[in-house]
Protein chains: 2
Amino acid sequence: MEAISHAVEDYLKAIYELQEDTGKVSTNALAEKLGVAPASVTGMIKKLAEDRPRFVDYEKHRGVTLTSAGRKIALEVIRHHRLLELYLHQALGYSWDEVDAEAEKLEHVISEDFEDRIATILGNPERDPHGDPIPTKEGTIADPCGQPLSGLTAGQQARVARVRDDDSALLRYLAGIGIVPDAVIVVADKAPFNGPLHVRVGPQSDSPAHALGKQVTDSIYVELKP
Amino acid sequence: MEAISHAVEDYLKAIYELQEDTGKVSTNALAEKLGVAPASVTGMIKKLAEDRPRFVDYEKHRGVTLTSAGRKIALEVIRHHRLLELYLHQALGYSWDEVDAEAEKLEHVISEDFEDRIATILGNPERDPHGDPIPTKEGTIADPCGQPLSGLTAGQQARVARVRDDDSALLRYLAGIGIVPDAVIVVADKAPFNGPLHVRVGPQSDSPAHALGKQVTDSIYVELKP
DNA sequence: ACAAACTTTTAGTCTGGCCTAAATTTATAG
DNA sequence: CTATAAATTTAGGCCAGACTAAAAGTTTGT
Ligand SMILES: [Mn+2]
Ligand SMILES: [Mn+2]
Ligand SMILES: [Mn+2]
Ligand SMILES: [Mn+2]
């Protein structure tokens, strides 16, 4: 137990999340995600790469990746975060666009005991309110399944698997039109050149179609239905 | 909103708590309570006394007291702490000797929204699990009622009002023999020269008497019954 | 009243985590 | 292949909040 700081936890979590998309993580991407100057990121990265245990692999100008020790910490923090989101939503009545900010602070502070207790109360859940998989206590994590809705074409039917949770205004909008995990949607129409997708929500086709722009459909991940 | 740090919150809370006993608060007492070197306390005190808004009144070598601004912050933190203790106990099943440590960390991090939500769920409670009064959102606080059990004499009957919550081993012991807020106790005997107090717990006098030393009876506050 | 003992403050340092400005390295476009 | 642009690192600082060692102030006991 080496007393990992709040800041280090946030760096490792951010690296993990960026690594999911893009293999190596760039200084700039990290700086932007953390709201910090690029020079600060370089400084922190050097510590993470030099101190023992090493949390990242780092080659100058070449980006950074997590070591397995780093990944373990990241998954612990993400487990805290996602369990907290679900707990805030289910037990305290937070709406799904409010949970992220609160969990962001609590994740660094709760004990393992707290973690275990809310996990038990929630029935050892596998997904958070946005559909993201919750890592296990052992440090494994299920596949964040689904493909971007933006890739579908007219006529296809799908189940919403998860939704990016970083934009709280977007989450409010999506909840308003019924786009939440497990909702069933049908692509009514797709305009060319990355034009809006027209989507009906719910099993009935009598619901109104909603026109969703690229930014929105890139934030929604779905699983195709046969 | 001046972004009050975690450390400042703990200093103000500690000053408040020490002030309850002893009017002015000494550097050493504060250092011991916070687990920090006296020199560090002097440094922080100077900031608290110089920055605007001033949180403490301070005269060199003469100790420190809270200003009303400082008191307000202290009571906010204490409200968080005590609501959290009760929530952890009631909603998450923590025992009363475990709640303090967890609340100590969470108190600095929860939002006003979180505070409001747990207060509502708990029914806007007035006391925490140890019988301490919970400050209101407006910054008032009820009297921490009761007198030390050590002051009673043989034959007196009383209701337990509250128990010092800082020693977790003591709390476990007391819970084991039934000394919790609202328990009724009778002083069976008192040995001279600050000797142990023999106390029966519960309304029936057939219960065994427990011998409690000064350190213990100083930690228990009671209200005399007629 | 005064020395010893205790308390408190000063002086000087350290670490973590951030910043800006300037230098350097890598990528890109003609 | 070079010139510019973009990304990254270095250099130099700042601030909060701790520390130790030494100085100064206060209390106490005789
Ligand atoms: Mn965070
Ligand atoms: Mn989420
Ligand atoms: Mn605290
Ligand atoms: Mn308490």
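Quick note on labels: first sequence line is chain A, next is B, and so on, each numbered from 1.
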In whole angstrom, what separates B/His6's NE2 from C/dG16's P? 18 Å
Side-chain N,O (B/Tyr11) to OP1/OP2 (D/dA18) below 4.0 Å: yes
B/Glu50 atom CD is separated from C/dT10 atom C1', nearest whole Å, by 14 Å
Nucleotide C/dG16, atom P - distance to CD of A/Glu9 in whole Å: 16 Å
Do A/Ser26 and A/Asn28 pass the side chain to side chain donor-acceptor pair (under 3.5 Å) test, and can you show the C-alpha distance, the side-chain angles, and the key distance before you say yes or no? CA-CA 5 Å; A/Ser26 76; A/Asn28 262 9; over 6 Å; no
A/Thr42, nearest nucleotide to its side chain (from C/dT9, D/dT10, D/dA18): D/dT10
State which of D/dT27, C/dT9, D/dT9 makes the closest approach to the side chain of A/Lys60. D/dT9
Students often mix this up, so state it plainly: with edges at 30° and 60°, are the rings of A/Tyr87 and A/Phe114 parallel, tilted or perpendicular? perpendicular
Among C/dT8, D/dG17, C/dT9, the nucleotide that comes nearest once only the side chain of B/Ala39 is considered: C/dT9
Between P of C/dC18 and CG of A/Asp10, the distance in whole Å: 9 Å
On DNA chain D, nearest-nucleotide positions of B/Asp51 versus B/Ala37: which is more 5'? B/Asp51
Nearest-angstrom distance from the residue atom NZ of A/Lys46 to C1' of D/dT9: 7 Å
How is B/Thr27 classified with respect to the nucleic acid when contacts are heavy atoms under 4.0 Å: base, sugar-phosphate, or nothing? sugar-phosphate
Please test A/Tyr94 against B/Arg117 for side chain to side chain donor-acceptor pair (under 3.5 Å), starting from the C-alpha separation and ending with a verdict. CA-CA 9 Å; A/Tyr94 278 72; B/Arg117 293 180 119 106; 5.0 Å; no
Per A/Lys47 side chain, nearest of listed nucleotides D/dG17, C/dG17, C/dT26: C/dG17
Please report whether the ring centroid of B/Trp96 lies less than 6.0 Å from that of B/His89. no
With sugar-phosphate meaning primed atoms plus P, OP1 and OP2, does A/Ala7 contact a base, only sugar-phosphate, or nothing at under 4.0 Å between heavy atoms? sugar-phosphate
Measure the distance from CE on B/Met44 to P on D/dA16 and round it to the nearest whole Å. 9 Å
Short side-chain N/O contact to D/dT8 OP1/OP2 from A/Asn28, under 4.0 Å: yes
Are the side chains of A/Ile179 and A/Leu212 in touch, meaning some heavy atoms are under 4.5 Å apart? yes
Would you say D/dT9 has OP1 or OP2 under 4.0 Å from some side-chain N or O of A/Tyr58? yes
Give the rounded distance in Å between these two atoms: NE2 of B/His61 and P of D/dA24. 11 Å
Rounded to whole Å, please give me the gap between CG in B/Leu30 and P in D/dA18. 11 Å
